[in-house]
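In the text below, chain A, chain B and the rest are named by the order of the sequence lines, each starting its count at 1.
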Amino acid sequence: MPDRFYVTTAIAYANNKPGLHTLHEVIAADALARWHRMRGVPTRFLTGTDEHSVNIAMRAAEEGRSPRDFVDEQVTKFVAAEDALLIAPDRFIRTTDADHVRASQEMVRRAYANGDIYVGTYEGWYCPNEGFRNPTDVVETAAGTICPNHPDVPLQWLTERNWFFRLSAYQERLERWFEEHPGFVQPDYRRNEMLGFIRGGLEDFSISRAGAGWGIPFPIAEDGRPAVSEDGSPDPAAGTIYVWFDALINYITGAGFPDDADLFARWWPADLHVIGKDIARFHTIFWPAMLWSAGLEAPRRVWVHGWLLAQGERMSKSRGNFLDPLDFVAAFGADGARYVALREVAFDRDSDVSWDGFLRRYNADLANDFGNLVNRTVSMAGRYLGGERPAPRAAPTAPLAGAWATTLRVVEERLAGCLVHEALAALWDFVGAANRAVDAEAPWAVAKAAKAGDAAAAARLRDVLGDLLEACRLVALAAAPVMPGAAPRVLAQLGHAYPWDARGDGGPPLLDELVWGVHATEAGTLAAPTPLFPRLDVGEPGG
RNA sequence: GGCGGAGUAGCUCAGUGGUAGAGCAGGGGACUCAUAAGCCCUUGGUCGGUGGUUCGAAUCCGCCCUCCGCUACCA
């Protein structure tokens, strides 16, 4: 078991309102964080928002507001969506946070001190509204090259003096790093892509933009001295820090850099960065080099997930084919929303999702299979045996105990490999085994025999129902990182305590609790059976 | 164009030489504890096409078709 677990997600760009496609990785990271935290591993989970850039300043201006005012409101939407989904980061970081500004500037200073940044010229198509545009973002038309967002505004080919980071100096070290740490980037095919990119040769990249835009002031003047005006304020002539030396830095800010050396020593390097495939290169190539330049360690692992697709198309705000997280939670509940999102989306590749698919998954897995298993089990135990909870049989004699041992092993393995969807699939195989056990044993028939005075049947009834109640306990607990709200409700029906708090802290090591029969000798009182996941027939909002 | 991956039941996918599989969806049945759920049975596929290797190919090789990922500066 690891000694600690520091997990991060990509920070959401505060220009857009939250969508399920961007929050999916945050749900997954939250579940992985809870899995570690509940096992007793000191855990730190960081997520947040990326709030600088010309685009954001532009959006704010459109609304006649200051950028700061604009992002302050945007952030409340992300926090609200995460709250609704029971996402509980240890810190919600904003790139406008004061310590993050200090961290970014310190990283620039360190890169400078190490001789890794220099003033060069950056040139490209410049949109007066959005700043420099990627060659891939501009469109050639008969009237000339235009920016698709502002077709009437002519683009200018501009040259700008910028600071560059000497990525080229890190090629060999990066290749070596990838070879010596084959698990650094996962899944493997993403690692191969990144390694291929490195081997193709690395170019330096620009890390500043001219002028005092909406961004972190660049801390160094062209002559190498601190970029401060006479009154102590940042010198606008030095420009602003450009995206990667701003956004990526959040991962170390969130671990205490540069102000809290003890905290930083405890949490860095991160155990896991969870990111989308579109930013793999920046996290697996730029980022380690930036850290090395500053004398810091590279993260231990980067997990690259795919996209959510709707009818084959990437979900996105601009396409309009995205799901509002609040609608999602309203329809499926927080636990249901988390479960179906993590079960329907394969975490190692793109996945086509649909409202009907989520609904089918909810009804099949949660309402019919697991919810009904708990309901029928608690109902029979309560009816046939009164309120006292019967104990499960000892592992060697309980048929489900052996199946459970196998299930738990697979669940652990899949979660260690970030294959959350496969972990849930394995867990639900066990739910199926429990449901089949109910029908095989037919407790209602055994209960009749017991009532007629058959002592062996009475004993059998207690054993069978004790096993089934135990199966329900184990599934609820193993699924607790995914369904942290439902788990305590299940345990309450089973007459068990649930010692973890809403964040997953404060309980015993989860793996100790996931042993068949650990509470066999303890008395407990069953509660009235209440459906956990009502069967749903809900249409897509607006659909 | 180069490199890599994928095309298997309506849907999502597993299956790397030996008589085609799972889950969901569809159909039927027995039961009845339960959220008309669960359980059992079942319909359904010339395993992208084609040629070859082999006693035997979804599985190996050649060619073709289709789709996807990477092929540098978006937040």
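Applying the side-chain hydrogen bond (donor to acceptor under 3.5 Å, both in side chains) test to A:R191 and every residue at least two apart in sequence or in another chain returns nothing. Remark: A:F70 engages no residue in a ring-ring contact (aromatic ring centres under 6.0 Å, His included) (not counting sequence neighbours). Partners of A:F533 by ring-ring contact (aromatic ring centres under 6.0 Å, His included), not counting sequence neighbours: none found. Partners of A:W355 under the ring-ring contact (aromatic ring centres under 6.0 Å, His included) rule, at least two apart in sequence or in another chain, are A:F332. With sequence neighbours left out, A:R281 forms a side-chain hydrogen bond (donor to acceptor under 3.5 Å, both in side chains) with no residue at all. Annotation: ring-ring contact (aromatic ring centres under 6.0 Å, His included) contacts of A:H100 (sequence neighbours excluded): none.
In this structure, CZ of A:R343 is placed 10 Å from C1' of B:rC24, rounded to the nearest angstrom. For the pair A:I198 CD1 and B:rA72 P, the interatomic distance rounds to 14 Å; values are reported in whole Å. A straight line from CG of A:D356 to P of B:rU12 spans 13 Å, rounded to a whole angstrom. Put simply, CG on A:L248 is 14 Å from C1' on B:rA72, counting in whole angstrom units. To the nearest angstrom, C1' of B:rC24 lies 16 Å from CH2 of A:W428. Rounded to a whole Å, the CZ atom of A:R191 is 17 Å from the C1' atom of B:rG69. Following rounding to the nearest Å, A:L424 (CG) and B:rC24 (C1') show an atom-to-atom distance of 16 Å. Taking atom CG of A:L309 as the reference point, atom P of B:rC67 lies 16 Å away to the nearest angstrom.
Evaluation of the salt bridge (Lys or Arg N to Asp or Glu O under 4.0 Å) test over residues 362-379 of chain A, restricted to residues two or more places apart or in two chains, returns A:R361-A:D365, A:R376-A:D439.
Straight-line distance between the P atoms of B:rG48 and B:rG7: roughly 8 Å, to the nearest whole Å. Nucleotides B:rC63 and B:rC39 have their P atoms positioned 48 Å apart, rounded to a whole Å. Nucleotides B:rA58 and B:rG51 have their P atoms positioned 14 Å apart, rounded to a whole Å. Taking atom P in both B:rC61 and B:rC70, one finds a spacing of 26 Å when rounded to whole Å. B:rU42 and B:rA22: their P atoms are spaced 10 Å apart (whole Å). Between B:rG45 and B:rG10, the two P atoms lie 8 Å apart (nearest whole Å). Between the P atoms of B:rA36 and B:rC47, the separation comes to 41 Å (whole Å). Taking atom P on both nucleotides, B:rU46 is separated from B:rG38 by 30 Å, rounded to a whole Å.
Residue-level contact check: A:G201 touches the bases, meaning some heavy atom is under 4.0 Å from a base atom. Residue A:F197 is classed as a base contact, given a heavy-atom separation below 4.0 Å to a base. Across all strands shown, A:S53 has heavy atoms under 4.0 Å from sugar-phosphate atoms exclusively, and none from any base. Here A:I11 lies out of heavy-atom contact (under 4.0 Å) with every strand.
Map A:L167 and A:N16 each onto its nearest nucleotide of RNA chain B; the residue landing nearer the 5' end is A:L167.
Which of B:rA72, B:rC70, B:rC73 sits closest to the side chain of A:R190 comes down to B:rC70.
Taking the centre of each ring, A:F328 and A:F358 come in below the 6.0 Å mark. Ring centers of A:F205 and A:W244: at least 6.0 Å apart, outside the cut-off. Ring centroids of A:Y339 and A:Y362 are separated by 6.0 Å or more, keeping the two rings apart.
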Report, one pair per line, the protein and nucleotides 1-3 of chain B atoms (nitrogen or oxygen only) whose separation is under 3.5 Å.
none

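Searching all strands for a Watson-Crick or G-U wobble partner of B:rC39 with both distances below 3.5 Å returns B:rG29. Nucleotide B:rU46 has no partner under the Watson-Crick or G-U criteria, as no pair reaches both atom distances under 3.5 Å. Pairing of B:rG69, defined by two Watson-Crick or G-U wobble distances under 3.5 Å, is identified with B:rC3. Taking a pair to require two hydrogen-bonding distances under 3.5 Å in either a Watson-Crick or a G-U wobble arrangement, B:rG18 pairs with B:rC55.
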If the sugar-phosphate is the primed atoms plus P, OP1 and OP2 and the base is the rest, what is the B/S/- string for nucleotides 28-39 of chain B, using protein heavy atoms under 4.0 Å?
---SSBBB-SBS
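Dense packing is recorded around CD of A:E62, with more than 12 heavy atoms of other residues, nucleotides or ligands lying under 6.0 Å away.
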